[in-house]
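Below, all heavy atoms of this structure are taken into account, side chains as well, without hydrogens, waters or symmetry copies. Since we're looking at a predicted model, the values are computed, not measured. Throughout, numbering of the chain's residues begins at 1 and tracks the sequence.
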Amino acid sequence: MPEMKTFTREEVAQHNTAKDCWMIIDGDVYDVSTFAKFHPGGKQTLLELGGKDVTEDFWGLHRHEVLDKYQRLKKGRVTDAPPPRPSALEESKKLSKVPFAEPAVFQGLPLPYFNKSHFALRKAMREFMADPDIMDDALECEETMNGPSKEVRKKMAVAGLTAMGLGPGEHLKLVPGGLLGGVVKPEEFDHFHEMIVQEERVRHFCPGWEDGLEGGNAISIPVILKYGNEWMKKEVLPGLIMGDTVSCLSITEAYAGSDVAAIRTTAKKDASGENYVVAGTKKWITAGQYSDWFVTAVRTGGKNAAGVSMILVPKSDQVICSKIKTKYSSAAGTVFIAYEDAVVPTKCLFGKEGKGFQIIMSNFNHERWMICVVNLARARKCTEETFKWAMQRKIFGTKLVEQAVIREKLAQMFSALETVTALQYEVTYSMCQKGSQSPLLGGRIALLKYTTTRVCHLIADNAVQILGGRGVTRTGMGRIVEAFHRTYKIPAVYGGSEEILADLAVRMAIKAFPPEAKL
């Protein structure tokens, strides 16, 4: 790039006509003469500001990445310019210095759960996810509602993101090049490392794209890891880990949501006894549109939980997926599935017939924990955006944050976020010590999910009130806040609704209540 020229403010002020229009932003001089007619806010808006320093106006209307997009318009810098501002791309690779924008431990507060490998992984993940190819794919897919590209899916899998998103285990050794090139070793990888991976992969705030990439894998592959037989682990698992194939968890039906034992999809053996014939429907199945394998709950026996089994169904012409349009982008690949007498070899059964309900229940703890991690990361990003806006937006001649009512709303957001994060760390540490399936954790994780989705409600509501009209606009300054407010309610339903999990936590407490305890 050629060396930038320098100009005095008086020189810039002379370029203030329709054919010769310059302006100053953060000390940089931009020539918008030709661009003015393409300006989304209208040509006249720019012409009225020709020759002036429009820094304050710009930051009241535009996100940082807009400057990256229009670097070609830069002519130079003014002689008294402040230090150059890093590009949005460069800033996206770094940890934020905005208070509460990062977990406290990554802003200097010591906590015993983290060591150098966790800090190294956070840094490597932040830089990896800032890859323009990944960022562009996320933003484009979220808007067009098309699925994540195969190239990006493969790139992320080769780097180890799919494997790391499944938690600790031998599967981490299936990544030939190491986890992000060896930043963390498989044998030292714990649930706090997994937590960091989950948090970092959602920073683009494209929830449909994010779920389309890993939402299905993250909740279905664990079933293969824990209950799959040897042929599944040899023939199916490597392709999933390396991004060549995709899987989804196919449990929910129009007839059975939280009441898993009520599923109606059946799997009956054919005359040869060597195959199951699967018939029935499933609904709201994340990433089903892209899946090659469907980890499916079926009924092989009588009514209720005892008749439920789990089976691995390969994609075929008899497995028909129809896209469902939900509140967030269809890039998630959420589908309605019709199993029209799909023939599945008996070797695809997980464990034994009638053991499916136990498999499903054992998978829930980790799934629910992951939902909490991802949505608290989104809530934290939404909080950062809101805080930034309150600090830069001016109203009635002062910054928005000077209003006491705004500071109270921010305090509510900060307090709720940090409180539930502490509970998340407590649960995560217990998972590291006792495993995610510990009987001691079921109630705690249920409470964590209930609390997380309630906190998300508060943060989404406060954020929109602070951003006003921008908080309900899909583009521009409020893009992230709008996306969070539009989608935060979805996790309050899937993985166990708020009401079901709150009740579960209390019922487990009642069950453990010592009979001798009295007032």
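A side-chain donor-acceptor contact under 3.5 Å links Gln71 to the backbone of Leu67. The main-chain N or O of Lys327 is found under 3.5 Å from a side-chain atom of Arg486 such that the two form a donor-acceptor pair. In terms of modelled atom types and a separation under 3.5 Å, the side chain of Arg203 and the main chain of Lys381 share no donor-acceptor contact. Proximity of a side-chain donor or acceptor of His193 to a complementary backbone N or O of Asp190 within less than 3.5 Å is detected. No donor-acceptor pair under 3.5 Å is formed between the side chain of Gln318 and the backbone N or O of Asp341. Here the side chain of Glu188 pairs a donor or acceptor atom with the backbone of Lys185 at under 3.5 angstrom. A donor-acceptor pair under 3.5 Å is absent between the side-chain atoms of Lys283 and the main chain of Tyr255, judged by distance alone. In this structure a side-chain-to-backbone donor-acceptor pair under 3.5 Å is present from Arg299 to Asn304. Using a distance-only test at 3.5 Å, with no hydrogens or angles considered, a donor-acceptor pair links the side chain of His118 to the main chain of Asn115. Without hydrogens or angle criteria, Asp68 side chain to Leu89 main chain gives a donor-acceptor distance under 3.5 Å.
Using a 4.5 Å heavy-atom cutoff, the side chains of Met156 and Phe128 are in contact. Between Phe484 and Val464, the closest side-chain pair of non-hydrogen atoms is not below 4.5 Å. For the pair Leu95 and Arg126, the minimum side-chain heavy-atom distance is below 4.5 Å. Counting only heavy atoms from C-beta outward, the side chains of Gln289 and Ser330 never approach each other to under 4.5 Å. Using a 4.5 Å heavy-atom cutoff, the side chains of Tyr290 and Pro148 are in contact. Taking 4.5 Å as the limit, some side-chain heavy atom of Met164 sits within range of a side-chain heavy atom of Leu121. A heavy-atom distance below 4.5 Å is not found between the side chains of Thr452 and Gln424. Residues Tyr450 and Leu504 fail the side-chain proximity criterion, which asks for heavy atoms closer than 4.5 Å.
Looking at Glu170 and Lys233, no side-chain N of the basic residue comes within less than 4.0 Å of a carboxylate O on the acidic one, giving no salt bridge. Between Lys154 and Glu151 there is no salt bridge, since no side-chain nitrogen of the basic residue lies less than 4.0 Å from a carboxylate oxygen of the acidic one. Under the 4.0 Å criterion applied to side-chain N and carboxylate O atoms, Glu91 and Lys94 are not assigned as salt-bridge partners. For Glu253 and Lys282, the salt-bridge test passes: some basic side-chain N is under 4.0 Å from an acidic carboxylate O. Classification of Glu127 and Lys123 as a salt-bridged pair holds, one side-chain N sitting under 4.0 Å from a carboxylate O. For the pair Glu143 and Arg474, the salt-bridge criterion is not met [side-chain N within less than 4.0 Å of a carboxylate O]. One finds no salt bridge joining Glu65 and Arg479 here, because no Lys/Arg side-chain nitrogen approaches an Asp/Glu carboxylate oxygen to under 4.0 Å. One finds a salt bridge joining Glu426 and Arg444 here, because a Lys/Arg side-chain nitrogen approaches an Asp/Glu carboxylate oxygen to under 4.0 Å.
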Next on the checklist: The test is side-chain contact (heavy atoms from CB on, under 4.5 Å); show your working for Trp231 and Val236 and say whether it passes.
Outcome noted: CA-CA 8 Å; Trp231 84 266; Val236 178; 3.7 Å; yes

Item to check | side-chain contact (heavy atoms from CB on, under 4.5 Å) evaluation trace for Phe192 with Ser117 | outcome: CA-CA 10 Å; Phe192 281 102; Ser117 68; over 6 Å; no

Checklist entry - Given Phe357 and Met361, is the side-chain contact (heavy atoms from CB on, under 4.5 Å) satisfied, shown in steps? => result CA-CA 6 Å; Phe357 190 77; Met361 292 299 107; 3.6 Å; yes

Checklist entry - Should Tyr494 and Thr286 be marked as a side-chain contact (heavy atoms from CB on, under 4.5 Å) after you check the CA-CA gap, both sets of side-chain angles, and the distance that decides it? => result CA-CA 10 Å; Tyr494 65 55; Thr286 302; 5.6 Å; no

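Taking both residues in full, the closest heavy atoms of Ser291 and Cys248 are given as OG-CB, 3.3 Å, listed atom of the first, atom of the second, then distance. Minimum heavy-atom separation, Leu166 to Ala218: CD2-CA, 3.9 Å. Of all heavy-atom pairs spanning Val278 and Ala267, the tightest one is CG2-CB, 4.1 Å. Between Tyr425 and Pro103, the shortest heavy-atom distance links the atoms OH-CB, 3.2 Å. For the residue pair Pro222 and Asn217, the shortest heavy atom distance occurs at CD-O, 3.7 Å. Closest heavy-atom contact between Pro345 and Tyr276: O-CD1, 4.4 Å.
Under 3.5 Å, the side chains of Tyr227 and Ser362 contain a donor-acceptor pair of N or O atoms. Checking His457 against Glu498 by side-chain atom types alone, no donor-acceptor pair falls below 3.5 Å. Between the side chains of Tyr328 and Asp211, at least one donor N or O sits under 3.5 Å from an acceptor N or O. In the model, Thr296 has a side-chain atom that pairs as donor or acceptor with a side-chain atom of Tyr339 under 3.5 Å. Checked by atom type, the side-chain pair Arg380/Thr421 shows a donor-acceptor distance below 3.5 Å.
Atom CG of Asp259 is surrounded by more than 12 heavy atoms from other residues, nucleotides or ligands within 6.0 Å. At most 12 heavy atoms of other shown residues, nucleotides or ligands fall within 6.0 angstrom of atom NZ in Lys268. Atom NZ of Lys489 has more than 12 heavy atoms from other residues, nucleotides or ligands within 6.0 Å. Within a 6.0 Å radius of NZ in Lys355, other residues, nucleotides and ligands contribute 12 heavy atoms or fewer.
The CG atom of Leu249 sits 11.0 Å away from the CD1 atom of Ile221 when rounded to the nearest 0.5 Å. Here the OG1 atom belonging to Thr252 is positioned 12.5 Å from the CZ atom belonging to Phe336, to the nearest 0.5 angstrom. One finds the CE atom of Met370 at 10.5 Å from the NZ atom of Lys449 (value rounded to the nearest 0.5 Å). Atoms OG and NZ, from Ser247 and Lys315 in turn, are 14.0 Å apart once rounded to the nearest 0.5 Å. One distance of note links OG of Ser149 with CD of Glu140; it measures 8.5 Å at 0.5 Å rounding. For the atom pair Asn363 CG and Ile360 CD1, the distance stands at 9.0 Å (nearest 0.5 Å).
Taking the six-membered ring where the residue is Trp, Trp369 and His191 present perpendicular rings, their angle passing 60° and hence far from 30°. The aromatic rings of Tyr113 and Tyr429 sit tilted relative to each other, their planes meeting at an angle between 30° and 60°.
The only option from Met195, Glu200, Arg201 that meets the side chain to side chain contact (heavy atoms under 4.5 Å, CB included) definition with Gln198 turns out to be Arg201.
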